[in-house]
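A, B, ... follow the sequence lines: proteins, then strands. Residue 1 opens every chain.
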Amino acid sequence: MIKVLFFAQLRDKLGVSELSVNSDENPNVQVLLNNLKAKDNHWEKTLASASLMVAINQTISNKTATLSSGDEVAFFPPVTGG
Amino acid sequence: MIKVLFFAQLRDKLGVSELSVNSDENPNVQVLLNNLKAKDNHWEKTLASASLMVAINQTISNKTATLSSGDEVAFFPPVTGG
Amino acid sequence: MIKVQSENFNQQIEYDRLRQASHTGAVVTFTGLVRDINQGEQISALTLEHYPAMTEKALADIVKQAQSRWSLIDTTVIHRVGELQLLDQIVFVGVASLHRGDAFAACEFIMDYLKTQAPFWKKETNSQGESYWVDARESDQSALNKWHKV
Amino acid sequence: MIKVQSENFNQQIEYDRLRQASHTGAVVTFTGLVRDINQGEQISALTLEHYPAMTEKALADIVKQAQSRWSLIDTTVIHRVGELQLLDQIVFVGVASLHRGDAFAACEFIMDYLKTQAPFWKKETNSQGESYWVDARESDQSALNKWHKV
């Protein structure tokens, strides 16, 4: 399984902070994103932002990165700390 | 008259911190410097440094600047504060 | 030293810790505060959300990059999370080095990367009591460009 | 605020004064310390001579230049003169601004110009009790170049 996390306005819009997906059906970040967008129109729109950031196992990554079982994938909007 | 000041190692080497010169004979910084160097070999050598800095009336200036009676001219080595 | 905490921090304590290392000749500090106004709105409070498992790791990685680029004696990063009030301190970055150039560059580099790579998100409450997530500033992204030219 | 003084200064007091202005979002401070080692020599003390009539004027002019280049809310420069001991504070430059870029740039600019334009001279005493004037560093002169390109 892969653990998927959402933060800040992304979490608020989706109404979900965490979910689990099957690792066989989600070999990389792009496929995972496509599968999440396929849920419905609202997910599709919310995850469409070009500025969406992704971290794999707590390190900033990108959409071409591959995934394996046990990974923690986080999606979030551009960060605004500091 | 023009008031001439020397600071730091320049003052130590010359053994003088302040002197007065005639404004008629020293129309600009370069002439003043030449007149001071003409005192003797030691003054000549000590004032020959290309890195010598000059301030007129407490503002950084340069050798081409003109002088008038009442001016305060200061010569000093490169500054090392901070 | 890296800390992510809800408590306030004390500038003097952090500065004193940085200046005490042998050979230190320069200390540069940056402190970010909750402004009373942002993007034209009058602000009354700020909440900082973060991604707890990732935050310290991200900051440690940024500090490590700075250490590999400049000659640094000591570095401190403190970032607060949770509810903050007007004029509260949000973030502290302090760098001690032998010469000032290294401390200035590293301190600004750490802030520029923190602003775009560390998982913190600000939610502001305005004077009407409305809350909204703060938009990322384009200028924070472009601030990174100067570090690619060096 | 500009001060030339023999007394020590307090980082917290200076920082608190800078952060209190309305709209301040960023405070950058620089502090220069008497290093225990300089150009390979073990140092035991430092004397700072200056040109009293000119010093504050020179610092005020540098701060004015910084204010004309960047958007600054408040600026403090304190420079000590006279006899200093090992690890003593020598100089403080603090800048408050709305956004961090202005504060970082102005603080470094002020230090770079202070190092080459303000009439202070350091005399070091080494561990053998010998005193000598400190040579200007070529790198301080070349540090000015970055401000001509901007």
Side-chain angles (χ1 to χ4, degrees), chain B residues 1-21 23 26 28-30 32-33 36 42-82, chain D residues 4 30-35 38-39 46-62 64-65 77-82 84 89-93 107-108 110-124 131-141 143-144:
Chain B
M1 297 301 278
I2 292 168
K3 187 171 161 189
V4 184
L5 304 174
F6 304 100
F7 288 96
Q9 54 268 58
L10 199 63
R11 178 203 53 229
D12 287 359
K13 280 185 190 162
L14 297 174
V16 178
S17 63
E18 182 177 338
L19 50 80
S20 286
V21 297
S23 55
N26 297 281
N28 65 48
V29 176
Q30 187 59 64
L32 166 61
L33 258 183
L36 292 171
H42 181 62
W43 280 72
E44 162 101 48
K45 247 195 281 182
T46 305
L47 292 173
S49 165
S51 62
L52 190 73
M53 294 179 76
V54 59
I56 301 177
N57 300 326
Q58 304 90 42
T59 300
I60 299 275
S61 189
N62 59 62
K63 290 177 188 170
T64 63
T66 58
L67 298 173
S68 0
S69 184
D71 280 349
E72 176 173 297
V73 181
F75 292 106
F76 42 82
V79 300
T80 56
Chain D
V4 178
F30 172 85
T31 317
L33 306 165
V34 181
R35 275 192 301 273
N38 192 22
Q39 299 173 341
L46 185 74
T47 306
L48 263 150
E49 173 174 333
H50 71 133
Y51 176 5
M54 177 173 169
T55 320
E56 295 201 18
K57 200 171 164 178
L59 296 177
D61 180 58
I62 293 166
K64 210 172 139 191
Q65 285 181 57
V77 179
I78 303 174
H79 203 298
R80 294 177 69 192
V81 292
L84 299 180
Q89 302 183 123
I90 304 172
V91 59
F92 175 87
V93 176
C107 191
E108 189 168 14
I110 290 169
M111 274 310 300
D112 284 350
Y113 276 77
L114 186 157
K115 280 270 182 184
T116 53
Q117 315 272 305
F120 296 99
W121 300 274
K122 284 188 184 128
K123 192 177 208 170
E124 286 177 352
S131 284
Y132 47 88
W133 293 98
V134 172
D135 286 329
R137 294 170 67 220
E138 178 55 42
S139 58
D140 284 330
Q141 204 58 47
L144 291 183

Handout entry: Pairs of heavy atoms under 4.5 Å with chain B: top-ranked of D/Met111, D/Gln117, D/Gln141
Key = D/Gln117
Fill in the blank from the handout: Smallest heavy-atom separation, D/Val34 atom then D/Leu46 atom, equals CG2-CD2, 3.8 Å
Handout entry: Engaged part of D/Lys122 at the chain B interface, taking heavy atoms whose separation is under 4.5 Å
Key = both
Exercise for the section: May I ask you to decide if B/Met1's main-chain N or O and B/Ser69's side chain share a donor-acceptor pair within less than 3.5 Å? Expected result: yes
Completion exercise
chain B shares the most heavy-atom pairs under 4.5 Å, among D/Lys123, D/Arg137, D/His79, with D/His79
Handout entry: Sub-6.0 Å ring centroid separation between D/Trp121 and B/Phe6
Key = no
Handout entry: Heavy atoms of other groups near B/Lys45 NZ, more than 12 under 6.0 Å
Key = no
Practice task
Take the angle between the ring planes of B/Phe76 and B/Phe7 and call it parallel below 30°, perpendicular above 60°, tilted in between.
Solution key: perpendicular
Practice task
Measure D/Ala118 against the heavy atoms of chain B and call it side chain, backbone, both or neither at under 4.5 Å.
Solution key: backbone
Handout entry: Among the listed options D/Phe30, D/Trp133, D/Phe120, the residue most often paired with chain B at heavy-atom distances under 4.5 Å
Key = D/Trp133
Problem - Which atoms of B/Ala55 approach chain D - backbone, side chain, both or neither, heavy atom under 4.5 Å - result: side chain
